[in-house]
Amino acid sequence: MRCSERGCVNTTLGNMKRSGGSESEKRRKKRRLLQELGDQRIPYLGPSDHGFQQLWETSYSGLALRRSCSLPEELHGRVEAALFTLRQRGCFLRDLVKVRDRDVFTAVSRVLLGQPGTTYRYLDTRLFTIPWHTDEQRGTCCDPDLSAACKALWELNCFFCSDVGDRKEGDVFKQCRKELVGAIESKPSVEGDTESKDSEESKPSDDGGDSESKQSEEGETESKHSDDWDIESKYSEEEGPSSKQDAAWESRHGDEMGDLKTKQTELGSPTASKQHSEGKHTGWKHRPAGSTETETTDLGTQEKPVAELKHSLSGYHIEDEEDEDQQSGQGCSNLNPAKTPCPGPTQFNVTLLNYMDPAAMSQLKEEPYYGMGKMAVGWHHDENLVSLSPVAVYSYSCHDDDKAGVSSEEGPAEKGCWRIGLKVAWDIHTPGLTLPLQSGDSYYLRDDLNRTHQHCVLAGDSARFSSTHRVAECSTGTLDYIQSRCREALSNLSTDPETGTHSLLSLLPATLQGYEEIHNEVEFEWLRQYWFQGQRYTRFCSWWARPMEQLENDWREMELMTQLLLAAVEEEGQPEEGRREMAETLLTALTDRQQHRQTWRDRCHSSLAKTLPPEEAPVDRPFWADDDPSMPLPFDLADIINRVESLLWRM
């Protein structure tokens with residue numbers, strides 16, 4: 001048994017047991033932070049603000065922008081057509097994820113593409129890839145149009161892989177910064193909006209995400225401290241997936257796909273204009289991170305409380321992030337400098353595609369700390385990635401024909417653009433940064449930016465697609481991995497070729513414990529996850545159908561092994577000490593199994609799950625077999641547990 005793998009499984013399955021205290025402590029710290037911050041705003045800078053470029057280069061140097069005009073025009077056309085194909089096929093679906101022991105829907109609809117057999121896990125939800133189709137990987141799991149769409153996104157992925165780590169292109173990214181600032185400064189300045197009221201709704205609520213607002217999209221959110229699964233945006237627990245978004249999209253953008261088929265979209269580099277002024281401070285002067293001096297000039301009476309808050313809280317918030325990383329085993333916000341970056345050229349293995357139409361949303365949260373505007377995705381680190389690996393994001397905004405996304409001089413058109421917001425994690429001294437994104441722009445989070453900083457996505461006026469390319473940490477998240485685990489467990493099962501009688505080769509407690517842990521991993525990390533949401537995509541792509549059937553067959557064999565272990569425990573002829581050790585091992589495994597089965601049954605039959613249409617509804621499998629006479633194992637785990645407990649008591 002590979003102990004390192006067993007440890008990963010124990011960490012994953014034990015997360016929910018250990019997370020309660022951590023989440024409670026984070027909520028307490030957050031409340032204290034908000035109380036001390038009060039109605040004050042932390043400054044942030046946009047392209048129209050003096051010092052923006054200096055702030056970018058000194059405090060956000062890991063952020064790189066590639067304007068749409070610097071990508072091949074043919075690639076733009078294929079990617080945009082692919083996004084609309086996926087949207088029209090209905091592939092973009094909202095995820096039902098778990099946040100602080102509650103199921104919530106993501107506001108962002110999404111679909112995962114990537115290497116065949118790869119998965120991506122966030123917020124107790126495992127996404128199963130629709131494989132992108134390369135020249136070498138031609139299959140029949142998708143229809144030709146969908147296959148072409150997957151291939152186009154693979155081509156975009158190849159471009160990002162070759163481009164994101166090419167430091168020779170640094171002059172290109174630096175030029176993008178200068179062009180962005182220059183375009184803003186060349187336009188007449190516009191009076192910014194007045195500061196909006198800091199209502200209770202603008203504060204992050206406990207139904208949020210990874211940490212500070214539990215929303216996420218370009219990250220996935222996935223970490224519990226505003227980490228990538230900050231989480232995905234405002235999750236509504238009351239409403240299920242509504243046809244409102246679909247209807248709005250059809251009415252507003254129904255003609256765009258046809259336009260893409262007849263012509264390639266011309267993607268220039270529109271200029272950005274004046275940013276939302278709330279919370280901005282043009283008198284900011286850069287100072288090195290860690291400095292205790294306050295060098296802002298116009299904060300007045302707000303300056304001292306903010307500085308004091310920094311000194312009193314920043315230290316333990318960082319320590320809290322490290323504790324989170326150690327507990328979760330998904331390290332998205334660990335600030336330990338000893339971590340080493342992903343070696344060699346970047347190989348993005350998945351892309352998480354997101355779609356959101358703000359016009360179809362009943363409510364979007366205000367960004368609570370800087371006053372940056374409405375958030376589509378809250379503050380987060382992207383989670384469950386290879387340590388220090390980069391992230392590449394392609395952004396496409398759906399504009400009406402009369403709205404080409406070009407700024408107007410009548411007002412701050414930047415408010416209508418989608419923007420990315422960045423901040424240094426748990427730092428209230430360094431100003432935040434906002435970057436407007438025009439349709440077709442891409443940006444990279446390089447070096448350790450995703451580890452030391454957090455980012456959010458600020459909603460624009462139009463619907464938006466994004467393709468977020470990642471190096472997912474999937475050492476325990478591939479089909480090859482779980483199949484090897486099944487082979488390992490089933491190696492302890494022997495079948496007599498003449499009689500067909502089954503027996504266990506080893507009854508050593510340590511061996512039995514390892515195989516029962518694999519049993520739980522197959523059921524709760526794969527089968528339950530797949531039948532909860534992964535099976536929704538079978539109507540688009542059949543790639544996972546046969547592998548999951550095989551996993552179910554392997555799981556049935558493991559159920560048989562559990563029955564054989566129970567028989568060995570109850571056999572009177574066994575030495576008493578050996579029986580006791582086996583009984584204790586079995587009791588521990590079955591108790592965990594019973595708890596996890598009840599958790600999944602509750603999720604499958606929750607009020608939110610019942611709002612889903614039949615083709616998307618969770619399926620309470622693999623326990624359709626409760627009434628299946630071919631299954632030899634009694635499914636009343638409570639009865640089995642009682643029998644083992646009674647046996648131990650008699651010993």
ring-ring contact (aromatic ring centres under 6.0 Å, His included) filter on Phe92, not counting sequence neighbours, yields Phe465
Exam field: side chain Asn354 to backbone Leu352, donor-acceptor pair closer than 3.5 Å: yes
Closer than 3.5 angstrom, by distance alone: can the side chain of Ser395 be matched with the main-chain N or O of Ser466 as a donor-acceptor pair? no
For Glu367, is there an ion pair with Lys374 - N to carboxylate O distance below 4.0 angstrom? no
Output yes when a side-chain donor or acceptor of Thr118 lies under 3.5 Å from a complementary backbone atom of Gly114, and no otherwise. no
Considering only NZ, NE, NH1 and NH2 on the basic side and carboxylate oxygens on the acidic side, decide whether Arg597 and Asp620 come within less than 4.0 Å. no
For Asp554, side chain to side chain donor-acceptor pair (under 3.5 Å) partners two or more places apart: Gln550
N-O pairing of Asp103 and Arg603 below 4.0 Å: yes
Any sub-3.5 Å donor-acceptor pair from Asp447's side-chain atoms to Gly62's backbone N or O? no
Any chance the rings of Phe128 and Tyr537 have centres within less than 6.0 Å? no
Taking only Lys NZ, Arg NE, NH1 and NH2, and the carboxylate oxygens of Asp or Glu, determine whether Arg94 and Glu616 approach each other closer than 4.0 Å. no
Contacts of type side-chain contact (heavy atoms from CB on, under 4.5 Å), residue Thr351, not counting sequence neighbours: Leu113, Trp132, Leu353, Ser467, His469
Salt bridge between Arg126 and Glu525, side-chain N to carboxylate O under 4.0 Å? yes
Side chain to side chain donor-acceptor pair (under 3.5 Å) partners of Glu516, counting only residues at least two apart: Thr562, Arg593
Considering residues at least two apart in sequence or located in another chain, which fulfil the side chain to side chain donor-acceptor pair (under 3.5 Å) criterion with Arg539? none
Kindly write out the residues that satisfy side-chain contact (heavy atoms from CB on, under 4.5 Å) with Thr585, not counting sequence neighbours, or none if the list is empty. Pro509, Leu512, Gln513
